[in-house]
**Q** 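The structure that follows is given in the form of structure tokens.
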Amino acid sequence: MLRQDRSLVENLFSQGHIKVLVCTATLAWGVNLPAHAVIIKGTQIYDAKRGSFVDLGILDVMQIFGRAGRPQFDKFGEGTIITTHDKLSHYLTLLTQQNPIESQFLESLADNLNAEIALGTVTNVEEAVKWLSYTYLFVRMRANPLVYGISHKVFQMDPFLEKHREQLVIEVGRKLDKTRMIRFEERTGFFSSTDMGRTASHFYIRYNTIETFNELFDAHKTEGDILAIVSKAEEFEQIKVREEESEELEHLIDNYCELPVAGGVENGYGKVNILLQTYIGRGEIDNFSLISDSAYVAQNAARIVRALFEVALRKRWPAMTYKLLNLSKVIDKRLWGWASPLRQFSILQPNVLTKLEEKKLTIDKLKDMRKDEIGHMLHHVNIGLKVKQCVHQIPSITMEATIQPITRTVLRVRLSINPDFKWNDQAHGTVGEPWWIWVEDPTNDHIYHSEYFLLQKKQVVTKEQQFLVFTIPIFEPLPSQYYIRAVSDRWLGAEAVCIINFQHLILPERHPPHTELLDLQPLPITALGHREYEALYKFTHFNPVQTQIFHTLYHTDTNVLLGAPTGSGKTVAAELAIFRVFNEYPTSKAVYIAPLKALVRERMEDWKLRIEEKLGKKVVELTGDVTPDMRAIAEADLIVTTPEKWDGVSRSWQNRSYVQKVSILIIDEIHLLGDERGPVLEVIVSRTNFISSHTEKTVRVVGLSTALANARDLADWLGIGQMGLFNFRPSVRPVPLEVHIQGFPGQHYCPRMASMNKPAFQAIRSHSPAKPVLIFVSSRRQTRLTAIDLIAFLATENDPKQWLNMDEREMDDIIATLRDSNLKLTLAFGIGMHHAGLHERDRKTVEELFVNCKIQVLIATSTLAWGVNFPAHLVIVKGTEFYDGKTRRYVDYPITDVLQMMGRAGRPQFDDQGKAVILVHDIKKDFYKKFLYEPFPVESSLLEVLSDHLNAEIAAGTITSKQDAMDYITWTYFFRRLLMNPSYYNLEDVGHESMNKFLSNLVEKSLIDLECSYCIEIAEDAEEYTDLPVRHNEDQMNCELAKHLPIEVNPHSMDSAHTKTHLLLQAHFSRATLPCPDYATDTKTVLDQAIRVCQAMLDVAAHHGWLATVLNITNLVQMVVQARWIHESSLLTVPNIEKHHLYLFRKWNTGKRMNNSEDMTGPIECLPELVDACGGREEIFFSLVDNELSAAHVSQAWNFVLNLPAIDVQMTIKGWWEDPVQTHNEISIPIIFPGVQEKKWISLHADQEYVLQVNLHRIRSGYKKGKQDSKAIAPKFPKAKDEGWFLVLGEVDKKELVALKRVGYVRNKNTVSIAFYTPENTGRCIYTLYLMSDSYLGMDQQYDLYLNIIPASVSAQVNTEVAASVGDLLLK
């Protein structure tokens, strides 16, 4: 019956309009309709599965009788059973004695076990047996063994049924293994899940169905065959053919079935097939039983076809995958594939659609037609617009692929995807449109790469281009072409194809072989020939790699490139080269460049101790955090720095003598050339070679890297002959490494990471139960989630604290000192976490505990692999992608990072082998298998940022013409690789002509770019901030945060990195509380960049002469450093003083004053007044605030006030005047307080150069002995900041900047000269000099200069010119 008929009858009966209701047994379970009397007429029911009649079960009888008696109306109910004579006693006993409920679990044991294995909760027989003990089946098997076929004797011997359960599990395991749903190793009892099994568990496909699939399904089936296979699934077992339906089924075959029906009307699977096709064709069915069967078939078939699609995709059959994806959409949309795609829109009338189909108007044709044309074709003018809109709403994309060969067998494909349709929330929802993208090789019928891609609504609306990057294999001889096919996951008729053509592909040169490790006698350290050098090493002999390179590094000056796997002692190699400089060229400098601040810090801590203290050589760190003054750099023997910083310093090498004194440049991790930071390294080396070719003084370059594939090119570029090139193969590790790679399925990142936790736990148990383990994850959040999961697994063990190797009470004491709450939890179980969000002290604690083996497991973010050298016995790389804030998706780590992480496995002192377990997304497994063993070639990434670097060189004066720029490029590594792998850089062929043309165009393009941008838009849109990650759900947090801040931001860009930057800066000034700890570290990142970007903006503004902008930017810098708004009282910058303390300063009155300070009365409003009021005496300040602040807080605040820079300013103007005006050549300028004294006008000649000399004198109030610290006190700023000043000379009336000068720390006295030209027009004008601090708010000063401009004099001009030329001679 139809649903509405049933409801009608139910209502009539329940309201008492009808007295008798005749129904089937299922009604008793479904609907609650109590009655006074219930009659069961006949106890036989037809069971479709067995095809015969069976007895009504006792549960049904109980349930039906339960409906007798209505609680509100009756005192009792009546139940009657009418049955055959022989069943009478059976039902009597059933009703009088209670019958136990037995478990039916055995029937579906296979499916359930498979689901657990796919989840990863059951991985071996032992766990499966334990899992069975939690089931109701186990309880019943022990209570009633005979029902489950367990004899009494067996039960007595094995009361806990261990053996029996094991037997069950093994039987099921064999069955599953036979259908390839799992892999079951009987010897060890291990289960591992396969793609087939995971698909089955994911789509709830039964074990028998999979068996059918294995038997019938292959790569070359038609749509008809597929439907026949689906119809035979076990899910449709119970659908039987009834007598009365056959006529209608015949009718349906004739009218609706487009594909041949296997099995015809007589068989069950034939019926399923007919119903499915009728459902797709939207056919009318009359028979009630067929209607309910049809609904059941449609629901299940959709699921099964999706499952088959996954299977085909995993088996990499392109044609099949395509057919199945389309078929699953056909079932979802109930439209045959050959119908017009516009039928997916419900707003178009059927007659319009039929006309479209008759006229054979395809989507592409319709896109090109105008709306009125469409209207005329359909004889319905107004409908044209509607059709046109629908056509443009069908998702479509255009794709373009560029290919770069990495090696001769691997291609990197960069696919750009442009959405090309109108978004409509009714049609597309509000999230995004999913697509499947795969690369297929039509000749071999194989898919090389596939991925699921979500095109987000925002990207479609803004027409934003999306990029996918992936690698695919190629084979020689080259195939003619591959196809990249994109098919929508939801829409019929939405697909795109892009052809990868191999005609013009030039494969890179083959790589030369590795250096063989020679079998040499290990060299003793006495070979150094210096007692003090030998004392620096704890070992007695160098290792084989160091022995082989010793002579070249220590006894020659050739450039060296050393490629050796991580952990083979490359740091010692660097030291050998440095010692050579100390021995041979004691006056010159060595520069050591490491790519990360963490590495620099680590080298500094080590070398401060060994080289500075023991050898007495000066070691100086030069990074973004630490910028020593010139004197320290000039005296240093060894400079440790980062590429960016050294690039900045060496840009102006002509006028920095210490850059010219460098005789060796050691670049660690030089293979990072291929990384996004590579261009900086490339530029440094290119510039070094460029400089040494100019100064005739060769600089030795030593490059250290992991094992490289194309070491020869790097060596050529570094100018290294055969002698200095050492490139060992990756297997030459001091400790051999065993690598396991496991693939994990799943499109989505977070659940995939979660599914890796159990395997990670097992890897620890099997590979390194008692030795230290490092787990690398991609984000701070992942460190936390992984740790919490591991603790959950530990909790089920006998000894949950087995990874903690110290007394628990001691650990509790350590935990009490930590700040991070998650860390407190995990450390108690012997698991440490390590990431940038931790407080410095917490991080140190964790490092110490791990190094001393007090905790066994350390979960760290990937940067740790570069930074700190903690080897472990086992390294687990959990996932090889990270979330990239710029593109808002997960992208792969560079391969060098993965190698670096693996390199941390195996501790030379303790282990004879290291283990690495790499857990990856299953589609990338092949890629990693290939590259972890054969080294990865390093390509240049200079191309993308060429204009920035050319700009720098032009600014530094290294490049003055286009030819220079071309020459400069030939020095680069990029140029070397261009010759070797032209296709990677889009160069067609390597003939001399086309090379020149290519380079020349490149230079042109870069120079034009520079002209166009003539530098950068205002701060937070700076490119530097696009890396700032906006993580999941952070747009909500950003919205919340925005509500509490003063300046409004654009509400629609809450998930953009620039908005987040803006908010974080505001929150920093407002000192607002941040929603989560990640924001604190993000703020640190923002502030690091902020000062740099502001300095650049300042230069741009000064270049344009914008006075107001310059002053605003200096104020911004002050705000960033002191974390207060400029409009708040500057007293708030004093530490521990908040808004509610300000009244203390206001009520300060003159009564308490000493006699000498009569010039100042009234309340204190700003910092200078405060400094003046205290007069350097702590007790005055103390009396002001002591009743509000604690003593410690007062002394902190006082220290701040004491160190505030009070500067006394005196000015003179130097220049030349004609005699009647002025006889001397300098005038001192009186300082005039406006409105108090008479203005004194100073006469200057028009259009003439004068120098304003400013004498700055620091007034010390509370004078302390000892060295004054040049650092500003800025408690809220993350790095140490040198105090400095900006001198700004401007003319307020014209809003014009005349001159800008930066001044460093004023220790006692400092004289600054500012040259300026007087205006050309005569008359009076007022210049203003601003002295702006770059670290403090409220300490700025301004002075007016009253100038009277008189006509220019000829003699003055001549004299100036003569003086200038004489001055030049003197300078020379």
Side-chain angles (χ1 to χ4, degrees), residues 203 222-224 226-227 230-231 252 255-259 272-285 291 294-310 312-313 320-358 360-364 366-367 386-387 389-397 421-437 452-455 457 460 485-496:
F203 289 99
T222 63
E223 272 87 350
I226 297 171
L227 286 181
V230 171
S231 312
L252 294 177
N255 288 0
Y256 298 113
C257 290
E258 307 277 354
L259 299 172
V272 172
N273 199 332
I274 298 169
L275 290 176
L276 183 54
Q277 294 199 39
T278 309
Y279 172 79
I280 294 171
R282 306 193 182 195
E284 297 284 323
I285 307 178
I291 290 181
S294 162
Y296 177 76
V297 168
Q299 280 174 347
N300 284 297
R303 194 180 80 230
I304 294 172
V305 174
R306 276 280 171 185
L308 278 174
F309 162 69
E310 292 260 318
L313 189 66
M320 203 66 210
T321 304
Y322 180 64
K323 276 182 198 152
L324 284 162
L325 181 54
N326 272 342
L327 190 58
S328 69
K329 292 190 289 191
V330 162
I331 299 175
D332 288 343
K333 297 278 188 186
R334 299 183 64 180
L335 278 180
W336 287 106
W338 48 80
S340 161
L342 288 171
R343 285 190 180 268
Q344 296 170 91
F345 292 98
S346 49
I347 56 171
L348 296 175
Q349 287 95 355
N351 59 348
V352 175
L353 293 163
T354 329
K355 274 188 197 155
L356 281 172
E357 282 173 344
E358 280 165 11
K360 295 208 165 43
L361 289 174
T362 60
I363 294 295
D364 297 333
L366 289 169
K367 271 195 177 171
K386 222 177 207 175
V387 172
Q389 282 171 339
C390 289
V391 167
H392 284 295
Q393 281 170 16
I394 289 185
S396 79
I397 56 179
F421 61 100
K422 295 267 187 301
W423 191 273
N424 174 359
D425 284 357
Q426 272 85 36
H428 307 106
T430 52
V431 185
E433 274 296 335
W435 293 78
W436 286 96
I437 294 179
Y452 177 82
F453 173 74
L454 191 68
L455 196 59
K457 171 180 174 179
V460 177
R485 195 182 289 279
V487 185
S488 167
D489 188 46
R490 289 187 197 154
W491 290 78
L492 281 165
E495 50 193 70

**Q** CD of E223 to CD of E258: how many Å apart, nearest 0.5 Å?
**A**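 That separation rounds to 12.0 Å.
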**Q** Starting from the C-alpha separation in whole Å, work towards a yes-or-no answer on side chain to side chain contact (heavy atoms under 4.5 Å, CB included) for K329 and V487.
**A** CA-CA 11 Å; K329 292 190 289 191; V487 185; 3.4 Å; yes
**Q** So which atom in I331 and which in A298 form the shortest heavy-atom distance, rounded to 0.1 Å?
**A**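 That closest heavy-atom pairing would be CG2-O, 4.4 Å.
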**Q** To the nearest 0.5 angstrom, please state how far the CD atom of E310 sits from the CG atom of L325.
**A**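 Interatomic distance, E310 CD to L325 CG, rounded to 0.5 Å: 10.5 Å.
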**Q** Let's go through F309 and V305 carefully: what are the C-alpha distance in whole Å and the side-chain angles of both, what is the deciding distance for side chain to side chain contact (heavy atoms under 4.5 Å, CB included) to 0.1 Å, and is it a yes or a no?
**A** CA-CA 6 Å; F309 162 69; V305 174; 5.6 Å; no
**Q** Shortest non-hydrogen contact from A494 to P395?
**A**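 Answer, listing the atom of A494 first, then P395: CB-O, 3.2 Å.
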**Q** So, are K457 and E433 salt-bridged, with charged N and O less than 4.0 Å apart?
**A**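 Salt bridge: no.
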**Q** Provide the closest heavy-atom pair for K323 versus I226 in the form atom of the first, atom of the second, distance.
**A**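 Answer, listing the atom of K323 first, then I226: CB-CD1, 4.4 Å.
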**Q** Could you grab the distance from atom CZ of F345 to atom CD of Q389, nearest 0.5 Å is fine?
**A**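 Interatomic distance, F345 CZ to Q389 CD, rounded to 0.5 Å: 10.0 Å.
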**Q** Determine whether L455 and I397 make a side-chain contact, defined as any pair of heavy atoms from C-beta on separated by less than 4.5 Å.
**A**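 A side-chain contact under 4.5 Å exists here.
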**Q** Taking the side chain as every heavy atom from C-beta outward, state whether R343 and L356 have any pair of such atoms under 4.5 Å apart.
**A**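 No, their side chains stay 4.5 Å or more apart.
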**Q** If you take all heavy atoms of E495 and W435, which pair is closest and at what distance?
**A**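 E495 and W435 have their closest heavy atoms at CA-CZ3, 4.1 Å.
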**Q** Is the distance from the ring center of W336 to that of Y256 below 6.0 Å?
**A**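 That pair fails the under 6.0 Å test.
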**Q** Would you name the heavy atoms of L324 and A312 that are closest together and state the gap between them?
**A**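 Here L324 and A312 meet closest at CD1-CB, 3.8 Å.
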**Q** Does Q393 use its side chain to pair, donor to acceptor, with the backbone of A427 at less than 3.5 Å?
**A**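 No, because the side chain of Q393 does not come within donor-acceptor range (under 3.5 Å) of the backbone of A427.
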**Q** Rounded to the nearest 0.5 Å, how far apart are NZ of K386 and CG of L348?
**A**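 Rounded to the nearest 0.5 Å, the NZ-CG separation comes out at 7.0 Å.
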**Q** State which residue, out of L276, T278, L252, L275, fulfils the side-chain contact (heavy atoms from CB on, under 4.5 Å) condition with S294.
**A**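 The residue from L276, T278, L252, L275 that satisfies side-chain contact (heavy atoms from CB on, under 4.5 Å) with S294 turns out to be L275.
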**Q** If you define the side chain from C-beta out and look only at heavy atoms, does anything of F421 sit under 4.5 Å from I394?
**A**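 No - every pair of side-chain heavy atoms lies 4.5 Å or more apart.
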**Q** Which atom pair, heavy atoms only, marks the closest approach of C390 to L342?
**A**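 It is CB-CD2, 3.8 Å.
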**Q** Would you indicate whether the side-chain heavy atoms of R334 and I280 approach each other to under 4.5 Å?
**A**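 Side chain of I280 against side chain of R334, heavy atoms only: no contact under 4.5 Å found.
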**Q** Do Q344 side-chain atoms and P341 backbone N/O form a donor-acceptor pair below 3.5 Å?
**A**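 Side chain of Q344 to backbone of P341, a donor-acceptor pair under 3.5 Å: yes, one is there.
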**Q** Measure the shortest side-chain to side-chain distance between W491 and H428 over non-hydrogen atoms and say whether it is less than 4.5 angstrom.
**A**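 The answer is yes, as the side chains (C-beta and beyond) meet within the 4.5 Å cut-off.
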**Q** I want to check a possible cation-pi pair here: R306 against F203, using under 6.0 Å from ring centre and within 45° of the ring axis as the test.
**A**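 R306 over F203 ring: no.
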**Q** Can you list the steps and then say if L361 with K355 is a side chain to side chain contact (heavy atoms under 4.5 Å, CB included)?
**A** CA-CA 9 Å; L361 289 174; K355 274 188 197 155; over 6 Å; no
**Q** Do the non-hydrogen side-chain atoms of L327 and L227 ever get within less than 4.5 Å of each other?
**A**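 They are in side-chain contact.
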**Q** Between W423 and H392, is a ring pair (Phe, Tyr, Trp, His ring centres under 6.0 Å) present by the stated rule, with each step listed?
**A** CA-CA 9 Å; W423 191 273; H392 284 295; over 10 Å; no
**Q** Could you go through V297 and Y279, starting from their C-alpha distance and side-chain angles, then the distance that decides it, and tell me whether this counts as side chain to side chain contact (heavy atoms under 4.5 Å, CB included)?
**A** CA-CA 9 Å; V297 168; Y279 172 79; over 6 Å; no
**Q** If you measure from CD1 on I363 to OG on S396, what distance do you get to the nearest 0.5 Å?
**A**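 Going from CD1 on I363 over to OG on S396, the span is 9.5 Å.
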**Q** So that I know where these two stand, are W436 and F453 an aromatic pair - ring centroids less than 6.0 Å apart?
**A**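 Distance test on ring centres: not under 6.0 Å, no.
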**Q** Rounded to the nearest 0.5 Å, how far does OG of S328 lie from CG of D489?
**A**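 Those atoms lie 7.0 Å apart.
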